[in-house]
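The residues of the chain are indexed from 1 along the displayed sequence. Predicted model, so just to flag it, every value in this text is computed and none were measured.
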Amino acid sequence: MHWFGLAALIVILDRVTKFAVLESFAPGESRVVTGFFNLVLVFNKGAAFSFLAAAQGWQTLFFAAIAVVASLIISFLIYKNQNKSLFCCGLALILGGALGNLYDRLAYGQVVDFLDFHAVGWHWPAFNIADAAITVGAGILIAESFMHRENAP
């Protein structure tokens with residue numbers, strides 16, 4: 001099924017970009033790309049926006065377990081809804097992102113982030129390709145939930 005291929009592509013893009021950053025940057029190093037975008041190497045032990053990043057270490061296994069369970073559920077949903085293209089596309093992006101960040105948690109105990117957007121002194125929390133895929137996938141699922149359905153009453 002091509003939806004699992006899309007998820008695999010996200011994992012590959014995520015791994016390649018993280019490998020390049022890990023090989024080229026020291027932790028905390030930042031390089032200006034534009035007036036609103038930097039590349040930076042930071043590590044996040046927590047979830048989105050560093051949620052639980054300061055916990056005593058238990059969060060790594062907790063978030064890894066959530067990623068495994070979510071990946072299994074998402075895979076089942078893709079398998080059962082193959083004919084719903086937009087729905088499966090959103091799920092595939094989320095699946096690829098979840099697996100990309102799961103790899104980091106298992107390999108490093110934390111997630112590698114490197115995309116740093118900023119404007120007028122304000123910085124969006126650094127993120128990675130997996131995070132972007134999860135966000136776009138969630139947006140697709142939200143949009144899809146508002147679309148007209150043929151079987152709707």
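- The two residues Ser71 and Leu99 make their nearest non-hydrogen contact at OG-CD2, 3.5 Å.
- Connection of Leu13 to Ile134 is not established within any shared hydrophobic cluster, with ILVMFWY side chains joined at heavy-atom distances below 4.5 Å, either directly or through further cluster members.
- Val11 and Gly96 make their closest contact through CG2-O, 3.4 Å (heavy atoms, listed as atom of the first residue, atom of the second, distance).
- Take Phe117 and apply the ring-ring contact (aromatic ring centres under 6.0 Å, His included) test, not counting sequence neighbours, and it matches Phe37, Phe127.
- A 4.5 Å side-chain heavy-atom check between Val111 and Asp113 finds at least one atom pair inside the cut-off.
- Taking both residues in full, the closest heavy atoms of Val42 and Ala126 are given as CG2-CB, 3.6 Å, listed atom of the first, atom of the second, then distance.
- Minimum heavy-atom separation, Phe114 to Asn128: CE2-CB, 3.7 Å.
- The side chain to side chain donor-acceptor pair (under 3.5 Å) analysis of residues 10-23, with sequence neighbours excluded, yields the pairs Asp14-Lys18, Arg15-Asp104, Arg15-Tyr108, Lys18-Asn101, Lys18-Asp104.
- Minimum heavy-atom separation, Phe87 to Leu141: O-CD2, 3.5 Å.
- Smallest separation of non-hydrogen atoms from His123 and Asn38: CE1-ND2, 4.0 Å.
- Counting only heavy atoms from C-beta outward, the side chains of Val40 and Phe25 never approach each other to under 4.5 Å.
- Under a 3.5 Å cut-off, the side chain of Ser24 and the backbone N or O of Val21 do not form any donor-acceptor pair.
- Residue pairs meeting the salt bridge (Lys or Arg N to Asp or Glu O under 4.0 Å) criterion with at least one member in residues 119-128, sequence neighbours excluded, do not occur.
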